[in-house]
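Quick caveat: nothing in here was measured; it's all calculated off a predicted structure. Just so you know, ligand 1 is whichever comes first in the structure, and atom 1 is the first atom listed for that ligand.
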Amino acid sequence: MNVTHLATRGTALGAAALFLLAGTAHAAPAARLPKPDLAGVDSVLRTALRQGAPGAIARVDDNGTVSTTAFGVADRGTGRAISNADRFRIGSVTKVFSAVVLMQLADEGKLNLDASVDRYLPGLLPDSRITVRQVLGHRSGLYDYTNDMFAKSVSGFESVRSKVFTYRQLVDRSLRHAPTNAPGAAYAYSNTNFVVAGMLIEKLTGHSVGTEYTNRIIEPLKLRDTFYVHPDKTIPGRYARGYLTPDSAGAPLVDATQQTVSWAQSAGALISSTRDLDTFLSALLGGRLMSATRLGQMERMIPVNSTQAYGLGLRRRDLSCGVSVYGHTGAVQGYYTYAFATKDGRRSLTALANTSNNGAVLNTMLGTLESAFCGKPAKVRRGSAAVERQGDMAPEAARD
Ligand code: REY
């Protein structure tokens with residue numbers, strides 16, 4: 001086990017040049033947040049290890065004061081200790097990147113969020129009432145093709161790990177099913193929406209999503225650990241291996257590190273690190289990636305359940321202390337990610353466990369948010385709200 005609490009002080013982002021657009025400061029008054037409970041984060045990660053995660057890491061950036069913590073291994077074969085320098089697959093946190101690209105295109109007057117998807121991608125979807133805004137908010141009704149794909153976790157994964165899909169093939173898999181709801185009528189999380197988002201990016205820019213992530217986000221923010229390598233199967237440089245938990249109890253973990261992630265692409269194929277995701281979310285919420293008006297639209301939320309809401313490619317979680325944080329979770333085979341920040345972007349947390357398909361670990365890792373943003377729990381009697389909140393993950397949270 002390795003434990004590191006590394007505190008460094010510096011400017012949150014040393015680049016005024018990152019103000020890509022004038023007048024974007026998103027200056028919510030600095031909320032009075034409890035101090036992060038770093039011992040609490042440690043204890044959450046240790047619990048995740050006891051529940052089967054080979055390794056777990058977290059990084060809290062509190063207005064430039066950075067704390068990192070790591071337990072367990074990056075590689076079960078060599079026993080190498082995991083650290084916050086390790087890259088990993090971020091799953092659906094990719095959706096925030098895709099949404100940012102589209103919001104920038106909207107700022108540039110190249111995309112109307114309330115236009116029909118059909119206007120930009122004629123004939124792709126059977127219902128021309130579906131708008132871009134509905135797609136980004138998971139309100140299109142498009143069925144999530146990954147439901148059937150991963151009904152059996154290990155064989156489902158093995159059957160796609162080396163495949164290269166076109167976006168259209170993924171959309172076609174969705175369209176074999178009836179829509180889950182009429183356009184705009186309900187929230188229903190679906191990867192299909194962010195496959196459509198990727199198609200929109202490529203259609204409007206004439207470039208691959210990888211090029212757009214790089215030019216618009218990765219390079220301006222100097223994210224040195226963030227890569228879109230699809231359909232390459234290998235994570236560049238130093239990385240944590242990812243271990244998929246089989247459905248049958250007691251079966252050995254499956255090393256899922258090498259895969260194309262072609263089944264997800266613009267819905268979930270980015271690689272990153274805790275440092276880069278903290279930087280990205282702080283920049284986004286701090287108003288440095290799009291106009292203030294556009295960010296407001298991205299943050300306009302529809303309630304999902306009692307503790308969660310969803311905007312445009314952005315999730316809000318309401319924590320037990322009354323603080324709300326914005327970001328996304330990610331679940332690809334072998335990796336569970338939580339990446340969230342305060343509304344003003346001044347405190348961010350990214351946490352990773354290098355396993356997946358393990359509901360106990362996913363639920364436990366939610367506790368990193370409580371510790372990072374709510375501080376030490378108030379002294380409460382048994383059965384307190386703070387404890388109960390850990391158990392209230394919505395069923396859909398197991399995948400999104
Ligand atoms: C894919 C299956 C979940 C994960 C998914 N991920 O939609 C997107 C996300 C990109 O939200 C897999 N679960 C697991 C199963 C369940 O196979 N039978 O946990 O590794 O990040």
Under a plain distance cut-off of 3.5 Å, with no hydrogens placed, do [Y] and [X] share a side-chain donor-acceptor pair?
X: Thr350; Y: Asp278; value: yes
X: Arg59; Y: Ser273; value: no
X: Asp148; Y: His177; value: yes
X: Ser116; Y: Ser128; value: no
X: Tyr243; Y: Asn358; value: no
X: Ser324; Y: Lys343; value: no
X: Gln297; Y: Arg294; value: yes

Any atoms of ligand 1 less than 4.0 Å from a non-hydrogen atom of [X]? List them with their elements.
X: Gly330; answer: 21 (O)
X: Thr146; answer: 7 (O)
X: Gly91; answer: 21 (O)

Does an N or O from [X], backbone or side chain, lie closer than 3.5 Å to an N or O of ligand 1?
X: Phe150; answer: yes
X: Asn357; answer: yes
X: Ser356; answer: yes
X: Lys95; answer: no

With a 4.0 Å heavy-atom cut-off (strictly under), which part of [X] contacts ligand 1: side chain, backbone, both or neither?
X: Tyr243; answer: neither
X: Tyr335; answer: neither
X: Leu244; answer: side chain
X: Thr94; answer: neither

Tell me whether the rings of Phe280 and Phe97 are parallel (<30°), tilted (30 to 60°) or perpendicular (>60°). parallel

Check: of Ser153, Ser190, Ser92, Ala256, min heavy-atom distance to atom 10 (C) of ligand 1 comes from Ser92

- Task: Report yes or no: does a heavy atom of Ala331 sit under 4.0 Å from some atom of ligand 1?
- Result: yes

Does ligand 1 have an atom that lies less than 4.0 angstrom from a heavy atom of Phe157? no

With Trp263 as partner, the option from Phe150, Phe194, Phe165 fulfilling ring-ring contact (aromatic ring centres under 6.0 Å, His included) is Phe150

